[in-house]
> 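This is the structure I want to talk about, given as structure tokens.
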Amino acid sequence: PATSLDQIISLCKRRGFIFPGSEIYGGLQGTYDYGPLGVELKNNLKRLWWKHNVYERDDMEGIETALLTNRYVLRYSGHERGFTDPLIDNKTTKKRYRFDHLLKEQTPETLDAIAASFGIERNPDMDIFVDALLTDPTKAQTALKAAKVVDAADGKPGDWTEPRTFNLMFKTQVGPVADDENFAYLRPETAQGMFVNFKNVLDSTNRKLPFGIAQQGKSFRNEITPRNFIFRVRELEQMEIEYFVKPENAPQLHEEWIQDHIDWWVNVVGLDREKIQLFEHVKLAHYSSRTVDILYNFPTLGFDELEGIANRGDFDLGSHSRANDTLGLTSAVAPNEHSVEKLTYFDHETNKHIVPFVIEPAAGVDRGVLAALCEAYDEEVVNAEKGDIRVVLRLKPALAPIKVAVLPLAKNKPEIVAKAKAIKKDLQNQLGMRVVYDDTAAIGRLYRRQDEAGTPFCITVDYDTLGQSKDGGTELLDTVTVRDRDTMAQERIAIADLLGYLRARLV
Ligand code: ATP
């Protein structure tokens with residue numbers, strides 16, 4: 001596996017997985033473009049997720065909702081308010097401190113209250129911190145460290161993140177007139193699409209609880225400091241599920257999703273189980289009764305979030321419902337003056353309308369791609385004396401951008417080239433996965449290039465294939481060499497057997 005993020009960044013640029021966005025104009029911070037190999041890897045990851053979470057279950061439906069979102073969706077979701085708090089996190093305890101209105105009236109009382117929220121007494125450094133939060137957030141982290149704030153969560157001086165003081169949502173103008181009314185938000189998560197379509201999906205599919213809705217797609221967050229390559233970006237992609245359940249079943253089903261998704265990251269994506277940890281949130285978001293993050297031990301970054309799995313109770317469906325004070329909600333929600341629906345479910349067993357609880361497994365596609373790359377990356381010493389090191393991506397075949405590369409041993413030999421191209425075309429048609437033909441370098445170079453791309457198999461067409469072996473023999477006629485990416489072992493396989501050979505190994 002990779003030992004630093006730089007190894008991955010360099011490979012991604014060199015081989016065409018991921019490039020900085022708008023690069024020739026100096027870039028656009030927090031955006032990345034997926035290149036020829038990256039788009040395949042990302043699509044494969046998403047496809048495997050969809051297969052596992054939608055096709056292989058009997059209780060799931062998929063949707064794809066608009067990125068441009070009516071502001072009321074994000075008002076009642078809590079984002080208009082909730083995404084504007086200044087936040088600061090303790091990296092060790094993951095405890096999150098929000099300041100909200102306390103900051104706006106900077107009185108001795110509120111300064112005391114802020115210090116108290118950290119479990120300490122007000123001191124001059126603490127005041128500098130608060131001042132920095134208001135005037136120059138980039139100085140707040142240093143000030144907080146200087147204040148030697150001991151985090152009550154673990155009793156140690158905190159290792160603080162930089163504060164986040166903005167609303168993270170992007171606004172965009174809709175229609176020709178730019179004013180305070182004609183705007184929409186770019187969605188900050190895909191989740192709201194599932195909530196606002198709850199009734200549509202329920203009515204059109206006749207689902208019974210428990211059932212879920214899945215979606216994959218872009219989300220936008222104006223992160224204060226995008227960083228760590230594709231780990232924290234402003235235009236991100238998510239794969240999220242809202243799984244609707246009867247309230248009494250929520251804790252149990254929550255646990256099942258956590259276990260199921262750990263297994264998916266390990267068995268399907270190929271992450272090392274030893275590098276996965278769970279993080280149980282102590283201080284919970286207002287809507288959540290339990291949130292567990294699945295963390296992966298990224299090189300350079302250490303353990304950080306891949307996916308969050310929350311039990312959100314009845315907050316979302318309740319909050320988006322009209323007359324929500326009549327629904328007997330367990331969550332505290334604001335009265336809704338704009339929704340025209342009650343997002344309830346008629347329970348035929350009890351003859352009652354209920355507001356289902358929701359379990360939300362929410363994962364980042366980009367972080368998944370990054371984890372898969374970090375895990376698969378390997379530098380193998382082929383010949384220590386010559387300093388020959390092979391970079392190889394040991395991706396699961398199902399994730400590999402290219403499944404098979406067909407390579408001619410001699411590109412100036414028309415019969416070899418024609419045979420190789422014919423094999424490529426045939427395999428492409430039969431396998432329905434990406435197969436490439438490449439003759440742009442000598443065979444050794446071509447192999448190494450495919451190793452870096454993570455291509456599980458290279459097929460080489462040579463003189464033997466044509467029945468023109470050096471010793472004059474013809475017994476290798478219509479056979480090719482198949483080289484295994486991981487072992488570099490080569491096998492002679494009859495062309496007629498290729499498809500079966502590959503199919504068995506590419507699942
Ligand atoms: P973080 O604490 O890292 O900001 P979050 O808890 O805000 O993440 P969620 O709102 O739970 O994230 O979003 C679900 C998933 O979306 C995260 O687990 C992560 O994989 C991904 N994600 C969130 N923000 C970003 C981002 N800025 N860049 C890339 N992926 C992200």
Side-chain angles (χ1 to χ4, degrees), residues 5 18 21 28-32 34 42 45-46 49 74 77-79 82-85 87-91 93-98 161-164 166-170 186-195 214-242 257-258 261-262 264-265 269 271 276-288 290-296 298 301-312 315-316 358-374:
L5 221 46
I18 297 160
L28 178 65
Q29 220 200 347
T31 66
Y32 284 90
Y34 283 78
K42 190 182 195 217
L45 184 83
K46 288 165 62 182
W49 185 95
L74 292 151
S77 69
H79 285 85
F83 255 33
T84 50
D85 295 354
L87 312 168
I88 196 156
D89 292 343
N90 182 332
K91 289 184 200 156
T93 62
K94 303 266 174 176
K95 201 168 156 154
R96 173 165 292 179
Y97 293 88
R98 294 166 174 257
T161 61
E162 289 181 79
R164 305 197 278 171
F166 303 99
N167 189 307
L168 300 184
M169 287 197 291
F170 284 98
L186 291 180
R187 65 181 182 190
E189 58 178 31
T190 63
Q192 297 305 320
M194 277 79 99
F195 298 130
Q215 169 162 224
Q216 303 178 325
K218 287 283 178 89
S219 295
F220 300 83
R221 296 181 182 192
N222 197 3
E223 299 277 4
I224 292 171
T225 41
R227 61 187 175 279
N228 298 326
F229 194 39
I230 54 170
F231 183 83
R232 186 171 301 285
V233 285
R234 291 193 169 129
E235 179 174 335
L236 55 132
E237 188 153 0
Q238 296 182 302
M239 4 190 220
E240 298 194 290
I241 293 167
E242 304 304 331
W257 277 105
I258 296 166
H261 277 202
I262 294 173
W264 184 79
W265 287 111
V269 183
L271 304 187
I276 287 181
Q277 270 181 15
L278 292 183
F279 173 73
E280 190 91 31
H281 282 243
V282 189
K283 191 170 182 188
L284 291 164
H286 57 288
Y287 47 75
S288 174
R290 184 183 172 215
T291 300
V292 174
D293 291 343
I294 299 180
L295 315 179
Y296 174 72
F298 290 93
L301 315 185
F303 281 97
D304 217 327
E305 179 176 338
L306 259 186
E307 173 167 12
I309 307 183
N311 174 358
R312 300 173 62 106
F315 175 81
D316 305 278
V358 60
I359 308 299
E360 178 189 79
V365 177
D366 311 272
R367 289 188 192 176
V369 166
L370 185 60
L373 284 170
C374 291

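Indexing begins at 1, ligand by ligand and atom by atom, following the structure's order.
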> If hydrogens are left out, which of Glu240, Glu305, Arg221, Glu307 has an atom nearest to atom 11 (O) of ligand 1, that is, the closest non-hydrogen atom?
Glu305
> So Glu240 and Gln215, do their side chains get closer than 4.5 Å, heavy atoms only?
no
> Is the ring pair His261/Trp264 parallel, tilted or perpendicular, if the boundaries are 30 and 60 degrees?
tilted
> Going through the checks in order, is the salt bridge (Lys or Arg N to Asp or Glu O under 4.0 Å) test met by Glu307 and Arg367?
CA-CA 9 Å; Glu307 173 167 12; Arg367 289 188 192 176; over 6 Å; no
> N/O to N/O below 3.5 Å, does that happen between Leu236 and ligand 1?
no
> Purely on distance, is any nitrogen or oxygen of Glu189 under 3.5 Å from one on ligand 1?
no
> May I ask which of Arg232, Lys94, Met239 has a heavy atom nearer to atom 3 (O) of ligand 1 than the others do?
Arg232
> Before signing off on this row, confirm whether Phe231 and ligand 1 have an N or O atom pair separated by under 3.5 Å.
yes
> Minimum heavy-atom separation for Leu271 and Tyr296, please, with both atom names.
CD1-CD1, 3.9 Å
> Within ligand 1, which atoms have a heavy atom of Leu306 less than 4.0 Å away?
18 (O), 20 (O)
> Check each heavy atom of Asp366 against ligand 1 and say whether those closer than 4.0 Å belong to the side chain, the backbone, both or neither.
neither
> Taking the side chain as everything from C-beta on, heavy atoms only, tell me whether Leu301 gets closer than 4.5 Å to Arg232.
no
> So which of Ala362, Pro361, Ser219, Gly308 gets nearest to atom 14 (C) of ligand 1, if we judge by its closest heavy atom?
Ala362
> Check each atom of ligand 1 against the heavy atoms of Glu223 and keep those under 4.0 Å away; list them by number with element.
24 (N), 26 (C), 27 (N)
> Compare every heavy atom of Ile241 with every heavy atom of Met194, then report the nearest pair and how far apart it is.
CE-N, 4.3 Å
> Can you give me the closest heavy-atom contact between Leu45 and Val369, atom names plus distance?
CD2-N, 3.9 Å
